[in-house]
Each structure stands twice: as structure tokens, then as C-alpha cells.
Amino acid sequence: MDNHQHHESFVKKYIFSQDHKIIGIQYGITSLLFLLFGFYLVTVMRWQLAYPMEAFPLERFVYPLLGIGVILLFIRGLKIGIHSVVGVSLILLAGVSWYVATRDENMPNRIMLPEFYNQLGAMHGTIMVFLGVVPLAVGAFGNYIVPLQIGAPDMAFPKLNMSSYWCFFVGGVTMLVSFFVPGGAANSGWTSYPPLSDIATTGQTLWLLGMVFLITSSLLGSVNFIITIVQLRAKGLSFMRLPFFVWTQFVTSFLLLLAFPPLEAAGILQLMDRVAGTSFFLPSGLVVSGDPLPANIGGGTPLLWQHLFWFLAHPEVYVLILPALGIVAEVIANNTRKPLWGYKSLVYATIFLGFMSFIVWAHHMFMTGMGSTINAFFQITTMIISIPSIVILSAMFLSLYGGSIRINTPMLFALAFLPMFGIGGLTGLPLGLSTSDIHLHDTYYVIGHFHYVVAPGTIFALFAGIYYWYPKLTKRKMNEALGKIHFWGSFVAMNVIFFPMLIQGLAGVSRRLYDGGQTYAHAQSVLYLNEVMSIGAWSLAFFQMFFIVNLFLSIKKGKEVDDNPWEATTLDWAATTSPPLAHGNFAQVPEVYRGPYEYSVPGSDKDFIPQHQQ
Amino acid sequence: MSVNNVKSHIKVYISIFVALMVLTVLTVFVSYLELSIGYAVTIAMIVAVIKGSLVANYFMHLISEKKVIYWVLILTLVFFVILMLLPILSTLDQVSR
Amino acid sequence: MMEIPYTSKPHSETGLYNAKFGIWLFIASEVMLFGALFTAYILLRVGASEWPKGAEILNVPLATINTVVLISSSITMVMSWASLKMNEFSKYKVYMLLTFLLGVVFLVIKFFEYNAKFHHGYFPSTNMFFATYFTLTGLHGLHVIGGMIVNFYFLTIGSKMWNTDKERFTNRIEIAGLYWHFVDLVWIFLFPALYLL
Ligand code: HEM
Ligand SMILES: [Cu+2]
């Protein structure tokens, strides 16, 4: 092993880095910031929903963001580091929100206009999905962990990896900039359905451009992941010895690779509609604000967009959930000290799930007047796809059985994930049957359903992952007490937010209402829940402070641990240092002799046998 | 691949090139025949598929490619067909029609 | 320090070096991109109340010439790779230059074609036929430009690698070729769909 110092410039080492670990951290920080921002948008929306048309207390929302930013900036004197990058970003975000919220076209006299609510809603969805969860789950966790778990020196194409991050960055900035153009950011929902989106304000054009960058980034990333996993596995690490997390990333990459291009195509067509005057998605005879559109406009089909959009967006929900399942599996196996129950069935279920996710998409389109034959087809495939999901969830529950479970913060989040994901999945079944979907479509029930999957589901899994792999990056554990406060607070708050949504939805309250349903007679009996949910959302924000403090405090103050503090079996922990070597990860090329979860093997002296132990 | 091997390949490339040219002329010629749209589409697509597979098989060497590539392309093709077929079928199945 | 394996040597199980596997995955995603556009084309055309025959308003002779040009550029491309295989670098340069120039010819013809349409007052906004025509050929044109940039790079600065790592350079030309042939392949389908039917 060569020990000589690599003298690289700061820019090459930390900004345009080609090391998967640095790129993973870049992805992690950027996407956590976007998650925070996407969540911040929704806390603002929840004010309007709880107290419709009341003056917005801007200071109360901006000052905390500004405060944390300033604290982070100066916390270690003027030393430059991750904390100052995040500090500056938070101050910038506070500035952006102040500027945007004080504009008369958004909030005259601090009263929120419906147009502004629509911007917030559309951008919340877009940012959370495309700039928050996916880049964190795939870009950050995938990038950092996958090469380590398969014993590879880096990703197969380091330059491509770097370009993937910077494409993502440009896409994200484009989305943020769109708040400043006339008419504000995109406001046609994260689904951008035409004809509305075709005739929407300039923000929609930027949304489309931003998406083109994000899609490009995903494509570069997914090619890289697939090649890395197929070609760069350590000797002896056959496919059936891969940690389950790697499997989930592998299937996810295929989804991104093959499902995203159709949305890119649709995006290009919509861009043409908006800038070149075509009418791919504009039907004939459209009347906008009382004026019929010119004669040469028309002949297009809005449903085409829905098909192409959901061709991506259904697989996309599995992109949101599969890596989360992978993380939870790692944490559970490690903390129950026993092998995952039914590893093979987990793997096959995941592959089947990935495949099926391409042929269920029109369950989002039951209300578009598709005939009963096609409806029946998509109902059947939707019911079929629930089977592998249940297989996976059951296997995870069964993995707990008979284990001597270690309760720590990552495990708490992983344990909470299971029932939350369960609720999310089960509430989805009625949406997959067209008869019940007629009643539930586009109500808050839908919002409740998928948030159970992505918020107390995926987000919890991602938290589990952060607490679990933190010592890998820093050689220190995050603080357990702060972690537990963060967990219990978030757990209660999440349910206070999302359970009432199911109730409201069953009562028939529509989603995307900027007054929370005030003007509807049928909503009156459940209106009181709006305030409850909003208080839940702000409490959730409050408990995230414990996480932010913990994240930065523990870099210097966390409990120091050795290279494998969780006594894990996989190569990322067992075969390399924390953090791993800057170039090449491993001091010696690891070789693998056994499966990923050999915990508590009878007759061995320790309760775990690393994969590379002979 | 040895030098001789490459030399024999070059002969194949040339004949593929000639075949592509002939097929191009053919498809343009057929388009002037004023066939009914059904026939015209069928013939044009058959010719295009033949030309496409010649390019893929010989210029892109797909004919002697590794198994993994075949698997990836089969998977892609399956999704490609789904992407084409299902939207078209569901449009045909619209209640309004 | 570990090097990334299989950058030019094939992996024992898959038989592929990384980049070759990579470009095929990329092509797979491109298949889905153009697949979606063809779906759009079919749906729009089937749903349209009237759809002109391409030959009546588009210039079929010009497009036929362009088809010939693109197919010829494919053969020069494959020849440039074969020349490297036979260790004849100067021949490689000639064929690569030809490939690049044929790309230029394709674009120039395309430019005249577009220009004539604009002169007659035909724009993407004119009707659905021109919308699809301009969008599909435009996107294909962008792919051609992308390929030409890559080819230009390997014709100039990129070709230095021949002196240091012959095998890897030959591989790179193979990769660039795969992409270029794919662009050709897309055109083979666009040509009848837009011009002849
Ligand atoms: C954790 C705290 C979160 C809260 C309090 C929250 C709250 C909300 C609310 C109230 C809406 C409905 C807005 C309306 O219909 O008017 C909404 C919509 C949405 N949320 Fe969240 N959300 C959270 C997290 C997430 C996450 C993690 C994701 C994705 C990964 C996400 C994705 C979406 C999407 C896609 C929409 C639909 C936007 C649209 O209607 O176009 N949310 N959220
Ligand atoms: Cu779905």
C-alpha cells in the first residue's frame, strides 16, 4: 500500500471530486438541504390550511432558519467546513423565502394568494421527490455505501459520477431560481398535467429545464451503479452474497435507467408546446379565461402526458422505497444479531417488484375514462404487485422474531419504518381498485396514503441510515439521547400529521385546496383537523432541530468508536477503516468467503463473522 | 480479434453497406407507388426493421455480442413494447369512442 | 492503492470492459426515449382528423440523400475502428475525418431543409404534422451534433491516447461508434415515418 500524500488542490479534492465518498457526501448535504427546504415550504402551506386567509407571521418562519444558519456559520469560529457551507445555504434559503414571501404577487399584506399556494404545493412535491429523497437515497447512500459493500475501489466511472452530481446541482438551482421569475415557480402540481401546465406561467418552463438536468443526472448515475455492481464486485462476492442494500440499489438503477427517458420525452414535448407553439398536449376547442385559443392550436392529447408521466412516476415510487427497504434490512439484520429471514425471497421479490412496477402505471388514471378492459388489466397488475411488497415486509417482520434486539436510534427508526410502511401500503389497495378509487381519487386520502410511504416510511429509513453509517464517515457515533428525542418526537408528529389526512380524505376533502376545504359543506365536520395537522407539522420541524444539532455536534463531540462499532459483517464495516482510504477504499483487495448476514453462527467465538473472513 | 479476422469483417461491412443502400432505394420507390396506407406502413416498417437490424447486428456487432447485453436489450425491448402498446390500447378503449 | 478494474480488459464473467457495457445501457435508455416519442407520434397521428402524407410537403430527395450520407458515415466509422484494430493509425484518421465531415454534410442539408420550410411559412406551430416533424428531426439532429463533438475530440486531442494506451483508445472508438450507429439507426426509422408515409 502506498502511503504518500496526494497533494490535490482544494477544488479538486472537495468540489470537483471524483471520489465516490466525497461525491456521496456532496449528494447527502445538498439533498438534506433540499429536504429541509421542501419541508419548510409545507410548513408555510400548513399555516394557510390551518388559518385560511389570516396574515402570515413571516418572521416566525424565517428567523429560525436564519438563526440556525448563523449559528452554524460561526459555531467553530471562522473555520471553513461542512458546517459553514450548510450555514451559508440556510441563510440564503432564509433570504429567498423572505424575498419571495414579501412580493405582492405572492402574499399581499401577508395574505397568501391561491396562486402562491399552488407554487408551494407543486414545488414541495417536486423538491421532496426529485431533489430530496431520490438523491439522498441513491446519490448519497448508494454512492457512499455500494462500492464499500461490494469491495470496490470506487465507482466504475468516477468522472461520470462527478458529472451526475453537478447535473443534479444545476437542476436543483434551476428549480430554486424559478421562484424569482414573473408568475413565480411552477404551479401545476408535481405532476404538471396539461393543458394547465402548457399555458401556465414561465416557472413551468424552468421546471421542465430543471427536470431535463435531473433526468440526465439520474441516467448517468444509474449506468454507473449497474456497471459498478456487475463488474466491480470483490472476488467471491457472488450475486447471492450481496448485502440486500446493494440489491435494492441495483434494481432501483434499472428503474431509473428505463423509466425516466419517457418522462424526458414528455418533458421535451411540453417544452415545445410552451416555447415553440406546438400543441402536443392541447386538445382542440380549448377556452382559456373565456377566450378560445387560436385555430391552429389543438389536436393534441393531454392523456399522452399522463401516460408518459406515470410511466416514470410509478416506478419512481419504488425508487423512493426500495433503497429505504435496503437500509432497513441492513439495520435490522445488524441489530437483531441474526440473518435476515428469507434473504432469497427478499431478492426475488425485489426483482419481481421492479419488473411489475412498469405495468401498473394507469392505476393513476382510472378517472380518465379508460374502458373497463384496460381498467381491469391495471387493477389486476396492481393487486399482483402488492404481493412482493407484502413478502418483503413480512420477511422483515419475521426477521425480528427470536432476535435479541439491540435498541438504538438507527434500530428505532428502522422498527418504526415497518408499521408505517405497512399503513402506507395497505391504504394503497383501495386506490388500486377503480370502484373505490372513484370515491378516493384526488382526495386527502391519497395524500395520507403516499405520505405514510414516503415520510414516516422512507424518511425514517433514511434517518436510520444516517444514524447507522455516521460512524463510517466520522469515526464517531451520533448522540443517543438527542437521537431518541428526535425519534420519538418525529414518530408522534408524523402520525398526528398524516393520520387525519386519511380521515379528511374519506370525508371527501379534495387535495390541492388552498383553503383546506372551508367552502365545502361536506368538509365542515373534519375542518378542525387542519389545525391539528399543522401543529403536528410545526412540531415535526421543532424535533428536526435535535437532528441538525446532533449531526453537526457529533462531528467533533460524538463518542469515538472503532472501525466496526456495530460489529457488522458486511465489507463496508468489516474490511476497511472509518472513514475508508481516500483513494481506493481498501488497504488490501478484499475477498469474500460467505453470505452477508452471518450473525450468531453456532460454534463461532464471536456473534458475527465478517464476509471476508476465511 | 486478429488482423485477418478484421479483414474478413471489412468485406461484410461493405456488403451490408450495399444492402442498406438497396433497401433505401426500395423503400423510397415503394412510397411513390400510391399503395393504401395499410400496405404502405407495413412495407415501410418491414424495410426499416430489416435495415435497423443490419446496422445493429453488423455495424454494432450485436450478432456476436455477450449474453449480458442480450439480456439488457431484451428487458428494454419488453418495456419498449409495453410503453407502445398500453397507451395505444387504452386510447382505443376510451369510453368516449 | 487499488485501481478500478476492467477499464480496458474484459471481465471474466460478463466478457465486457466497463465502458462497453456502459454504452449499451445508455443506448437502452435512448431506446426508451425514442420509444416514447414514437408512441406519441402514433397516438397523435391516429387521433388526428387529417394528416398530410410526408412526401407531399417534405423534400424526399433531400432526405434520401441524407439517409445515404448517414449510412455512409456509419461505414466510415466502423472502418476507422477496424483500422485501429489493424494498427493503421493514419487510416483511422482519414476514416474518422470522413465520418465527421459526413456529419457536417448531414447537418448542412438539414439546415437547408429547415430553411426552406421556414420560407414557406411552415413552423412547429403550423400544425401537428410540422410539430412532430420539427421536434423529432430536431432531437435527432441534437444527437448527431453530440456524436460529432465526440468524434471531433477523438480526431484531435483525444487521439493522443493512441501513443500511450492503444487498447484503450481502440475501445473508445468502438464506444463512440456504437453511439454513432445508434443515431443512424434512429434515422432509419424516422425517415419512413416522417417523409414516406
Ligand atoms: C414530512 C413532512 C411532510 C409534510 C408535513 C407534507 C405535507 C404535504 C401536504 C399537506 C401536501 C398536500 C398539499 C395539497 O394538496 O394542497 C403534500 C403534498 C405532496 N407531498 Fe408532502 N409532506 C411531507 C413530506 C413529503 C415527502 C418526504 C415527500 C416525497 C418524498 C412528499 C411528497 C409530496 C407530493 C409529491 C405531494 C403532492 C404535490 C401535488 O399536489 O402536486 N411530501 N405534502
Ligand atoms: Cu402508482
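Protein chains get the first letters and strands the later ones, always in sequence-line order, with residue 1 at the start of each. A quick note: this is a predicted structure, and the numbers were derived from the prediction, not measured. Any value given below was found using the heavy atoms of this structure, including those in side chains, with hydrogens, waters and symmetry copies removed.
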Which one, [options], leads in non-hydrogen pairs under 4.5 Å with chain C?
{"options": "Thr27(B), Val47(B), Val30(B)", "answer": "Thr27(B)"}
{"options": "Val25(B), Ile37(B), Thr24(B)", "answer": "Thr24(B)"}
{"options": "Val72(B), Ile88(B), Ile69(B)", "answer": "Ile69(B)"}
{"options": "Leu75(B), Leu77(B), Val49(B), Val81(B)", "answer": "Val49(B)"}

Residues, nucleotides or ligands: over 12 heavy atoms within 6.0 Å of Tyr39(B) OH
no

Can you measure from [atom1] ([X]) to [atom2] ([Y]) and round to the nearest 0.5 angstrom?
{"X": "Leu83(B)", "Y": "Met32(C)", "atom1": "CG", "atom2": "CE", "result": "5.0 Å"}
{"X": "Phe59(B)", "Y": "Leu178(C)", "atom1": "CZ", "atom2": "CG", "result": "12.5 Å"}
{"X": "Leu20(B)", "Y": "Ile188(C)", "atom1": "CG", "atom2": "CD1", "result": "5.5 Å"}
{"X": "Phe17(B)", "Y": "Ser74(C)", "atom1": "CZ", "atom2": "OG", "result": "10.0 Å"}
{"X": "Ile71(C)", "Y": "Met21(B)", "atom1": "CD1", "atom2": "CE", "result": "4.5 Å"}
{"X": "Lys66(B)", "Y": "Lys20(C)", "atom1": "NZ", "atom2": "NZ", "result": "6.0 Å"}

Are Val28(B) and Phe191(C) close enough, and set up right, to give a side chain to side chain contact (heavy atoms under 4.5 Å, CB included), and what steps lead you there?
CA-CA 10 Å; Val28(B) 174; Phe191(C) 173 56; 3.7 Å; yes

Residue pair Phe79(B) / Val31(C), side-chain heavy-atom distance below 4.5 Å
no

Could you check whether any side-chain heavy atom of Lys85(C) comes within less than 4.5 Å of a side-chain heavy atom of Asn5(B), counting everything from C-beta outward?
no

What do the steps show when you test Ile10(B) against Met79(C) for side chain to side chain contact (heavy atoms under 4.5 Å, CB included), and what is the final call?
CA-CA 7 Å; Ile10(B) 291 176; Met79(C) 287 304 290; 3.8 Å; yes

Which of Phe21(C), Trp24(C), Phe189(C) touches chain B most, by non-hydrogen pairs under 4.5 Å
Trp24(C)

What heavy-atom pair brings Gly35(C) and Phe80(B) nearest, and what distance separates the two atoms?
CA-CE1, 3.2 Å

Using every non-hydrogen atom in the two residues, find where Ser31(B) and Lys53(C) come nearest and quote the distance to one decimal.
O-NZ, 3.0 Å

Taking the six-membered ring for Trp, are His61(B) and Trp81(C) ring centroids under 6.0 Å apart?
yes

Could you go through the side chain to side chain contact (heavy atoms under 4.5 Å, CB included) check for Lys51(B) and Thr67(C) one step at a time?
CA-CA 12 Å; Lys51(B) 282 167 79 182; Thr67(C) 309; 4.0 Å; yes

Under 4.5 Å from a heavy atom of chain B, the part of Ala28(C) involved
both

Under 4.5 Å from any heavy atom of chain B - which part of Ser72(C)
both

Strictly below 4.0 Å, N to O, side chains only: are Lys67(B) and Glu13(C) in salt-bridge contact?
no

Report the C-alpha distance between Met60(B) and Val78(C) in whole Å, list the side-chain angles of each, state the deciding distance to 0.1 Å, and finish with yes or no for side chain to side chain contact (heavy atoms under 4.5 Å, CB included).
CA-CA 9 Å; Met60(B) 300 168 86; Val78(C) 83; over 6 Å; no

Which atoms of [X] approach chain C - backbone, side chain, both or neither, heavy atom under 4.5 Å:
{"X": "Val68(B)", "result": "side chain"}
{"X": "Leu35(B)", "result": "neither"}
{"X": "Tyr58(B)", "result": "neither"}

